[in-house]
Amino acid sequence: MFPETFRFTEGTQGLLNVCGYQHFQRAGSLHVNMLESLYFVVVTFSTVGYGDYRPDNYPSQLFMVVMICVALIVLPTQFEQLVFTWMERQKLGGTYSTHRAQNERHVVVCSTTLKAEIVVDFLNEFYAHPLLQDYFVVLLSPCELDSTMRMILQVPLWAQRVIYIHGSAMKDADLTRARMNAAEACFILTARNYADRSAADEHTILRSWAVRDFAPNVPQYVQIFRPDNKVHVAFAEHVVCEDEFKYAMLANNCLCPGTSTLVTLLLHTSRGQEGQTSDEEWHRLYGKCSGNEIYHIRLGESRFFGEYEGKCFTFASFHAHRKYGVALVGIQTHIQENQPIMLNPGPSYIMKSTDICFYMNITKEENSAFLITENRNKNRKRALEGKDQICQRRDKEKKKSGKKSHLDVPSEAFVDSSNTRYRRPSIGAVPDIVEQRTEELETDFNTEEDCHQIQWSVSGEYCEIVKGFPPATPYIGVSPTFCYLLKEKKPFCCLQLAQVCDHCSFRNAKEYNWSNPCIILAADFASNGIYNFIVPLRAHFRSLQFLKPIILLLEKTPDPAFLHAISWFPLVYWMQGSIDYLDDLLKAGINLAESVVVVNKESSNSAEEDHLADCNTIVAVQTMFRLFPSVRVITELSQSSNMRFTQFRAHDLYALHLSRMEKREKERGSHISYMFRLPFAAGNVFSASMLDTMLYQTFVKDYMITFVRLLLGIDQAPGSGFLSCVWITNEDLWIRTYGRLYQKLCSTSCEIPIGIYRTVSSDSGSVALELAGDKDIGARNIDLQREEICNMVRNRMQNLGLPTEDYDDASEKRNSLSYVIINPSCDQKLEEGDTIFVIRPNPILSKRLFINHGESMRVRTPSKRVRRLHEDRTPTKELSPSPSLSAANTTENNTPSEEQMNNGNLRVEVSGITNVEITPPNKSEAVTAV
């Protein structure tokens, strides 16, 4: 209204001036036309006044005096209204026009607050893909932009492609302004500054429902905190539950050090140029390999994998890495979206032209410059390996048990029969086809596990351990996972650690006399997401003999439903206490712990400054580090910028050097400049905000969420492998290089290596780690503080009745550093102590599940946007329905065939479990997985 009034008033006054001056000049000596009159008025009111035209009679002069006075009074008021209106419109943001929506493509991002870090991360990841350069991003938020966000939106890189709209997704008018019904996708992000995460999820759920009601055909990418709330947004095409991924990531970090760094780098878009200007070798190697990401391509269209059609998966993976440096890690069996993704399906899987191949590389194949060449060894005879070549799984504890490792030197390669000189040990060729029956492999695996028994130290804990699906889950929407379970659930009184009851008289963790070191998880309350911390540590493919006790150190008493869910898992306990108190840590067995996982306290999220939300956690972890420097502490923070304060040393010159390096990398445009911080590189700190990029990349890589869920063990699929690790000892150095290790693993245990976790000592000379306190008088003060701390801890242990010899009096001085090398080259030399990340084939290789007749299986169909986005890789040929789906939909009125029945159970052929939800059986129902 104000702009229209302003234009009407000023236009009328201007026309009156022009016509009035021309009319009154008719009585004077200087006659003017309309153009000359307009010229005179503009020059006069602009205060220029050339003097070539002037009023030369009394009526004309009087008229101009009146008009100037009116202009001095009216114009300021009108300009003030104009400025006010413009400012109000700036606050409301723009409007995505209908013309743009019809001719251009855009996505809408809905959030309660727009934080600069979140928006920049989204824009960097979204526009990193070349196919999305022409997309527009509409930011829809009820909050006003702060000064930082205004500056970001004025950057030329984003100014023409990002549109801000002040509004709410709950209002149809604002959704219309954003042209939600014409959007390619809607991202609904959750604000992290909420003190109550459940309330934040409730806001997200209502926004999702409102968008679904207004534009039901628009795909939704939803981010929530609590796994309990997944059921409310199950209709969304892609959902990332932070607690699910966070706890699963932390659990895998306990099993495979550096897993959080590995997954975080894979989920971030990087050019691989970080650290290339550094003088240190580990910076260049670590930064270059951080550019590896997950890509996909159809085998029939691939130059990397097309020649391996009809070959087994391990053969294709090894030769593709040897020739092109790419790591083939998984496949999708069919093009249809309701078919599964399998990570390392093993040598029994034969590659087909319709398979989608998932591989790790610095760039995708379409952007590579490799040329197809004839294989010089094409005509070489390949020996088919038999049953002896498919060896048993290997892990760290098995090496301790004295069993022969599949990395041992081949006995036939030590001595040449023609002379007495030693020759270089050879590695067997990777067979292109392995003829090994699935039933035999599964029988071997089950026989091996049956030989192990747990030494129960408490009579009340003694119970037979079985494999099956957990009969009780803490929330709706839990994926069925095959785990080690107790045949009978543990009493609640025995779940509480060091709590005297009728079955147990132990008062601390030491008295339990566990055979393996424990894992302590410290949290402020029992979130249902902790269930996803326990499941990967109790998965069926872990070694039963070496299960580590899990201790939940909680500040609040958990509810009975949560205790009922965890009571079915062996060696799981809880204890009420806090990491802020030394006595609670000692009672929980921190001196016996292999890892201590500290989850960020949500109660501190209400801090006035967002970056101070981690203050309680950081200070508590720092205190724990000073008291127990030898314990490996894994910390979860809400702000990635606070990782620099983990295990902080004020006089650490090397840390200050890395701080300056981080600033230089940020100036060069790196999106993950914090990657060189030592706690992050070693996998000792993790921020849940790093998982946001997984949701952003899913818009182009719709398989990304499923891929990570399988990798972390949140989901399990028959035929799909799992993440594990292999330790390189001095006896394994005969392999020498990563390429030979790749061949050794593929030819024996059929494992696919994907990276190295390397620890470098300062004694090796490759790095120079030093403390300023080592060279001045501050060193004596550090020694005095260390002695005082040791005396205090030992006194408390004596008062609690704990043996003081369990306390490790280690120095706080850093003498080594660790980092992750993702998909290194074939000539990368191995070092003693390297931890190799591998994807092991699933021991249950068969893709058949025997499900009771009353059970159901639901298949999730792909969205229209996903099908349209992948038209370029979807064949026009319509595939016939899978027999497994027909079998799964059999009703009680239909009589299954004899082939489908086995001992009263219905046999269902299942290609995989990804995107296929199987209703977990009840306790009374038997489920046998083959």
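Note that these values count all heavy atoms, side chains included, but never hydrogens, waters or copies made by symmetry.
Scanning both residues, A200 and F225, for their nearest heavy atoms gives CB-CE1, 3.9 Å. Closest approach of W209 and H232 over heavy atoms only: NE1-O, 3.0 Å. Across every non-hydrogen atom of A593 and I520, the tightest pair is CB-CD1, 3.9 Å. Taking both residues in full, the closest heavy atoms of G258 and V820 are given as O-CG2, 3.8 Å, listed atom of the first, atom of the second, then distance. Here the closest non-hydrogen pair linking K246 and V599 is NZ-CG1, 3.9 Å. Nearest heavy-atom pair across A682 and R632 is O-NH2, 4.4 Å.
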Exercise for the section: Report the C-alpha separation of R197 and S527 in whole Å, then their side-chain angles, then the decisive distance to 0.1 Å, and conclude whether the side chain to side chain donor-acceptor pair (under 3.5 Å) test is met. Expected result: CA-CA 11 Å; R197 294 292 181 92; S527 169; over 6 Å; no
Exercise for the section: Please step through side chain to side chain contact (heavy atoms under 4.5 Å, CB included) for the pair Y573 and L552, ending with a clear verdict. Expected result: CA-CA 6 Å; Y573 310 88; L552 307 179; over 6 Å; no
Practice task
Would you please test L712 and F245 for side chain to side chain contact (heavy atoms under 4.5 Å, CB included) and show each step?
Solution key: CA-CA 8 Å; L712 297 179; F245 286 94; 4.2 Å; yes
Exercise for the section: Would you check, one step at a time, whether the test side chain to side chain donor-acceptor pair (under 3.5 Å) holds for E242 with Q223? Expected result: CA-CA 7 Å; E242 183 177 293; Q223 178 189 52; 4.9 Å; no
Problem - Derivation of the side chain to side chain contact (heavy atoms under 4.5 Å, CB included) call for H238 and V222 - result: CA-CA 6 Å; H238 300 280; V222 182; over 6 Å; no
Handout entry: Candidate pair K701 and E293, rule side chain to side chain contact (heavy atoms under 4.5 Å, CB included), full reasoning
Key = CA-CA 11 Å; K701 304 175 182 178; E293 297 182 46; 3.4 Å; yes
Practice task
Could you give me the CA-CA distance, side-chain angles and deciding distance for T481 and Q716, then say whether side chain to side chain donor-acceptor pair (under 3.5 Å) is met?
Solution key: CA-CA 6 Å; T481 51; Q716 294 178 5; 4.9 Å; no
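Shown here is F492, whose CZ atom has more than 12 heavy atoms of other residues, nucleotides or ligands within 6.0 Å. Within a 6.0 Å sphere centred on CG of L206, heavy atoms belonging to other residues, nucleotides or ligands number more than 12.
Defined by atom type and a distance below 3.5 Å, a donor-acceptor pair is present between the side-chain atoms of T112 and R207. Using modelled atom types and a 3.5 Å distance limit, the side chains of S168 and D174 yield no donor-acceptor pair.
Annotation: side chain of L554 is not in contact with side chain of D524 (no heavy-atom distance under 4.5 Å). Taking the side chain as every heavy atom from C-beta outward, R538 and V535 never approach each other to under 4.5 Å. Counting heavy atoms from C-beta on, the side chains of I205 and V233 come closer than 4.5 Å. Taking 4.5 Å as the limit, every side-chain heavy atom of F707 sits out of range of all side-chain heavy atoms of L266. When side chains are defined from C-beta on, L265 counts as touching F680, because their heavy atoms get closer than 4.5 Å. T623 is not listed as a side-chain neighbour of R626, based on a closest heavy-atom distance of 4.5 Å or more. Counting heavy atoms from C-beta on, the side chains of W574 and T557 come closer than 4.5 Å. Between R226 and S198, the closest side-chain pair of non-hydrogen atoms falls below 4.5 Å.
At distances below 3.5 Å, not a single donor-acceptor pair connects side-chain atoms of S260 with backbone N or O atoms of M249. No donor-acceptor distance shorter than 3.5 angstrom exists from the side chain of R542 to the backbone of C483, with no hydrogens or angles considered. Using a distance-only test at 3.5 Å, with no hydrogens or angles considered, a donor-acceptor pair links the side chain of H166 to the main chain of P142. Looking at T693, its side chain never comes within 3.5 Å of a backbone N or O of H268 through a donor-acceptor pair. Without hydrogens or angle criteria, Q220 side chain to S208 main chain gives a donor-acceptor distance under 3.5 Å. The closest donor-acceptor contact from the side chain of D692 to the backbone of F122 lies at 3.5 Å or more, if one exists at all. Not a single donor-acceptor pair under 3.5 Å links the side chain of D584 to the backbone N or O of I579. Checking side-chain atoms of E636 against main-chain N and O of F686 turns up no donor-acceptor pair under 3.5 Å. Formation of a donor-acceptor pair under 3.5 Å by the S595 side chain with backbone atoms of I519 is not found in this model. Under a 3.5 Å cut-off, the side chain of N229 and the backbone N or O of D201 do not form any donor-acceptor pair.
Atom CH2 of residue W158 and atom CG of residue L153 lie 10.5 Å apart, to the nearest 0.5 angstrom. Note that CD of Q576 is 7.5 Å distant from CD of Q496, once rounded to the nearest 0.5 Å. To the nearest 0.5 Å, atoms OG1 (T698) and CD1 (I705) are separated by 4.0 Å. Atom-to-atom distance recorded for S479:OG and D715:CG is 3.5 Å, nearest 0.5 angstrom. Remark: R177 CZ to D172 CG distance equals 13.0 Å, nearest 0.5 Å. Rounded to the nearest 0.5 Å, atoms SG (C615) and CG (L637) are 11.0 Å apart.
Evaluated for a side chain to side chain contact (heavy atoms under 4.5 Å, CB included) with F533, the options I550, D243, N252 yield exactly one hit, I550. Residue M624 is tested with V619, V633, V631 for a side chain to side chain contact (heavy atoms under 4.5 Å, CB included); the sole match is V633. Applying side chain to side chain contact (heavy atoms under 4.5 Å, CB included) to V685 and the options L678, T646, V598, N642 leaves one that passes, T646. When each of N616, D580, D614 is paired with K601, the side-chain hydrogen bond (donor to acceptor under 3.5 Å, both in side chains) condition holds for D580 and for no other.
You'll find the ring centres of F699 and F126 inside the 6.0 Å limit.
A cation-pi arrangement is absent between K489 and F569, since the terminal nitrogen or guanidinium carbon is not both under 6.0 Å from the aromatic centre and inside a 45° cone about the axis. The cationic atom of R161 (NZ for Lys, CZ for Arg) does not lie both less than 6.0 Å from the six-membered ring centre of F136 and within 45° of the ring axis.
At a threshold of 4.0 Å, the pair E662-R677 counts as salt-bridged, since one of the basic side-chain nitrogens sits closer than that to a carboxylate oxygen.
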